[in-house]
Amino acid sequence: MPAITLPDGSVRTFDGPVTGTTVAAAIGPGLAKAALAMQVDGKVRDLAHAIEQDATVRFITRKDPEALELIRHDAAHVLAEAVQALFPGTQVTIGPAIENGFYYDFARNEPFKPEDFPAIEQKMREIVARNAGFECIVTSRHEAMELFEKKGEKYKVELIRDLPRGETITLYRQGDWVDLCRGPHMRGTGDVGTAFKLMKVAGAYWRGDHRNAMLSRIYGTAWRDQKELDAYLHQLEEAEKRDHRKIGKEMNLFHLQEEAVGSVFWHPKGWKLYRTVEDYMRRRLDQADYLEVKTPQLVDRKLWIESGHWENYRPHMFIATVEDESEKDRVLAVKPMNCPCHVQIFNQGVRSYRELPMRLAEFGACHRYEPSGALHGIMRVRAFTQDDAHIFCTEDQIATETVRFVELLSGIYRDLGFSDFRVKFSDRPEKRSGSDAVWDQAEGALKEACRIANVEYVLNPGEGAFYGPKLEFVLRDAIGRDWQCGTLQVDFVLPERLGAEYVAEDGSRKRPVMLHRAILGSFERFLGILIEQHAGRFPLWLAPVQVVVATIVSDADEYAREAVAALQAAGIRAELDLRNEKINRKVVDHIDQRVPVLAVVGRREAEERALVLRRLPGREQETVKLAEAVARLAAEATPPDLRVASD
RNA sequence: GCCGACAUAGCUCAGCGGUAGAGCAACUGAUUCGUAAUCAGUAGGUCCCCGGUUCAAAUCCGGGUGUCGGCACCA
């Protein structure tokens, strides 16, 4: 006699086990028609699922957030059926719903091509139109193995074999097509609707392991209706427009070329942007009691052997040698990190506990041989500069330093236009240095510090550095990809390996703890994200060109020169546009170049010693006396850390 | 690194066996104009590289390199 509690609090009782379909029908024909699935005591279930005991039930209709995931998961099944119908001999593997869509991985000798999409989509539409019901079949391990064995589906057989003993094995049937699946599903393939689209093909390793076979993955997107699909596709187009690679070219900020793969050629305007951020960071670090240092690019492998990098990362390091016979045994590595060098500075002389925490900072240029497939614009490169620092401190100081760091990082992110970021906590990886006891200590200290600093994180198991656990501060790019920028890593291992010590209060020698930390991460990556975040339209203080003074007639040239000089004298990055073009044209060009402020001068302004200011790409304009314009723009162009509080 | 796609003028792209094209940018000239592209003219190319097929290759085939999308990697 199950009693079903509905979201409005009402309770309905039934004589025996009931399916969601029956309950929905009992509530009303509207709901019976709209219900796609249900949530029983918080778990999403098929409508055909029998409820045997008292439960709280909520029906899921197309409007509910859960519907999207169901649509996408069902779409993956429809895709798989379509592919097997069109390409006999293709084996199915897995096909989950993901953010914005779904994918399905197939095993086939010949990978799929985008040209195959129209036919597959057509077949999918047929399957949706046929609207076969999803039927859940509970089966035994043995039967399931036999079924897929007979079909020649060796991946499915492997999946079943690896399912934990005692797990219920369910199959879902849609017409004649059957897949191993945990569910839940909607009523039938018709519920998928037609607002789906196949997006791209990609290779993907079976079970995500590069030692396994490469499968052919088809990605698709699916939505509740055409309008949502169109909106999503439009959003993708918009995102493409803010791609840093595109904007970098359009604004002439940087370029990349074959002769220096993975290294950025910064152009004057791009370098101005870089320098503006670097200067800002340097001031923030000074204020936060960091000591800036500079360490060598080329360091003997001896040091990397001691630090453990040689053992763990040698294939990723660039090696430099010279031809001179007397140097033939010397192998230098281009530094992939700064930490061992910073320890060398710490190790000079005898350190006292009074010097701790000692925060050594460096804008350190590092090189890493990244796999070719990993390279991405300026966000993933082989030559990059970290805003790196190592805090040498006592164990007791970890918490306070973490709090200080998180505060510094949040303030800087806010100034640069990021109020939103996510934090991941990565704990011990398989390949690591240091004993378990040391790792327990390091992870414990970092967790405790997070608690005190009030940092909410998601756990990222097994992803720590080889020398310690880390916090990762993650920002999202225009295309929706996440990038690690800031990081804080607790390290008990390197100080030990490199023999760092200080004299404690009681005169004994102790090991400091090392906190590796970066805020931007690498300038290259961060600037890439910064470009995308602002779509190239930077706040005035960051813009590489802040103001362009543009003339209407050549009679105003001389005054325009004077105006630019006055702006530049006030520290404003101003340029002059005296081209023999109409003002309309100049407006368009500077909008294209994402110049924040256009100052127009004609005869009138020259006479009145004024500027007509226009905020691009806006249309509003305002006439301001030259002296006042300079003062106002200079104030606005002041980096946030140098502004005097006006209120 | 793996799977797939792509590489033509400074940029965006067309051409896909038969003398390399367009728009924009550049340059020259005219025009001096009041806020979202003034007009006319000129110049500009080892069609990514190396091989092969062919009477003939930007185009077809093979091999490199790079870029892009994923996967794997990311100290």
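Throughout, a chain's letter reflects where its sequence line sits, starting with A, and its residues are numbered from 1.
- Under the 3.5 Å distance criterion, the side-chain polar atoms of A/Lys269 are left unmatched by any main-chain donor or acceptor of A/Val545.
- Residues meeting the salt bridge (Lys or Arg N to Asp or Glu O under 4.0 Å) test with A/Glu430, sequence neighbours left out: none.
- At the heavy-atom level, A/Glu605 lies under 4.0 Å from base atoms of the strands shown.
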Nucleotide-level pairing of RNA chain B, given in dot-bracket where Watson-Crick and G-U pairs need both distances under 3.5 Å and | marks other strands: (((((((..((((....[..)))).(((((.......))))).....(((((..]....))))))))))))....

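- Spacing between atom NZ of A/Lys586 and atom P of B/U38 amounts to 11 Å, rounded to whole angstrom units.
- Here A/Arg245 lies in heavy-atom contact (under 4.0 Å) with sugar-phosphate atoms only.
- Rounded to whole angstrom, the span from the CD1 atom of A/Ile218 across to the C1' atom of B/C3 amounts to 13 Å.
- The environment of CG in A/Asp162 is crowded: more than 12 heavy-atom neighbours from other residues, nucleotides or ligands sit within 6.0 Å.
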Footprint string (nucleotides 4-13 of chain B, 5' to 3'): B base within contact, S backbone only, - free, heavy atoms under 4.0 Å: SS-----SS-

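- Ranking B/U67, B/A36, B/U35 by closeness to the A/Leu375 side chain, first place goes to B/U67.
- A/Glu250 and A/Lys246 are joined by a salt bridge, as a carboxylate oxygen and a charged side-chain nitrogen come within less than 4.0 angstrom of each other.
- The interatomic distance linking A/Glu620 (CD) with B/G34 (C1') rounds to 17 Å, in whole Å.
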Please produce a list of atom pairs where a protein N or O lies less than 3.5 Å from an N or O of nucleotides 24-30 of chain B.
from: B/A25; atom 1: OP1; to: A/Arg585; atom 2: NH1; distance (Å): 3.3
from: B/A25; atom 1: OP1; to: A/Arg585; atom 2: NH2; distance (Å): 2.0

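- Salt-bridge formation is detected for the pair A/Glu238/A/Lys241: a Lys NZ or Arg NE/NH1/NH2 atom is positioned less than 4.0 Å from an Asp or Glu carboxylate oxygen.
- Proximity of A/Arg359 to A/Glu401: side-chain heavy atoms (C-beta onward) are separated by under 4.5 Å at one or more points.
- In this structure, A/Met514 and A/Leu494 approach most closely via the heavy-atom pair SD-CB, 4.1 Å.
- For A/Arg614 against B/A36, a side-chain-to-base donor-acceptor contact under 3.5 Å is present.
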Polar-atom pairs under 3.5 Å, protein N or O versus N or O of nucleotides 73-75 of chain B: list them with distances, or write none.
from: B/C73; atom 1: O2; to: A/Arg380; atom 2: NH2; distance (Å): 2.7
from: B/C73; atom 1: N3; to: A/Arg380; atom 2: NH1; distance (Å): 3.0
from: B/C74; atom 1: O4'; to: A/Arg380; atom 2: NH2; distance (Å): 3.4
from: B/C74; atom 1: O2; to: A/Arg380; atom 2: NH1; distance (Å): 3.2
from: B/A75; atom 1: OP2; to: A/Lys470; atom 2: NZ; distance (Å): 3.0
from: B/A75; atom 1: O4'; to: A/Tyr313; atom 2: OH; distance (Å): 3.2
from: B/A75; atom 1: O3'; to: A/Tyr467; atom 2: OH; distance (Å): 3.3
from: B/A75; atom 1: O2'; to: A/Tyr467; atom 2: OH; distance (Å): 3.0

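- In this structure, the side chains of A/Val406 and A/Phe473 come closer than 4.5 Å at one or more pairs of heavy atoms.
- Residue contacts for A/Ala204: at a heavy-atom cut-off of 4.0 Å it reaches the sugar-phosphate backbone alone, with no base atom in range.
- Salt bridge A/Arg207/A/Asp209: absent, no basic N to carboxylate O contact under 4.0 Å.
- The aromatic rings of A/Phe346 and A/Phe392 lie parallel to each other, with less than 30° between the two planes, well short of the 60° mark.
- Proximity of A/Trp266 to A/Leu273: side-chain heavy atoms (C-beta onward) are nowhere separated by under 4.5 Å.
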Please determine whether salt bridge (charged side-chain N to carboxylate O under 4.0 Å, His left out) holds for the pair A/Glu532 and A/Arg481, giving the CA-CA distance in whole Å, both sets of side-chain angles, and the decisive distance to 0.1 Å. CA-CA 11 Å; A/Glu532 301 199 352; A/Arg481 288 184 275 217; over 6 Å; no

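- Where A/Ser216 and A/Asp243 each meet RNA chain B at their nearest nucleotide, the meeting point lying more 5' is that of A/Ser216.
- Listed by first and then second residue, the ring pair (Phe, Tyr, Trp, His ring centres under 6.0 Å) pairs that reach into residues 476-499 of chain A are A/His376-A/Trp483, sequence neighbours excluded.
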For A/Arg428 and A/Asp440, run salt bridge (charged side-chain N to carboxylate O under 4.0 Å, His left out): C-alpha distance rounded to whole Å, both residues' side-chain angles, the deciding distance at 0.1 Å, then the answer. CA-CA 9 Å; A/Arg428 68 192 76 187; A/Asp440 287 343; 2.6 Å; yes

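- Remark on RNA chain B: of its neighbouring residues A/Ala202 and A/Pro617, the 5'-side contact belongs to A/Pro617, judged by nearest-heavy-atom nucleotide.
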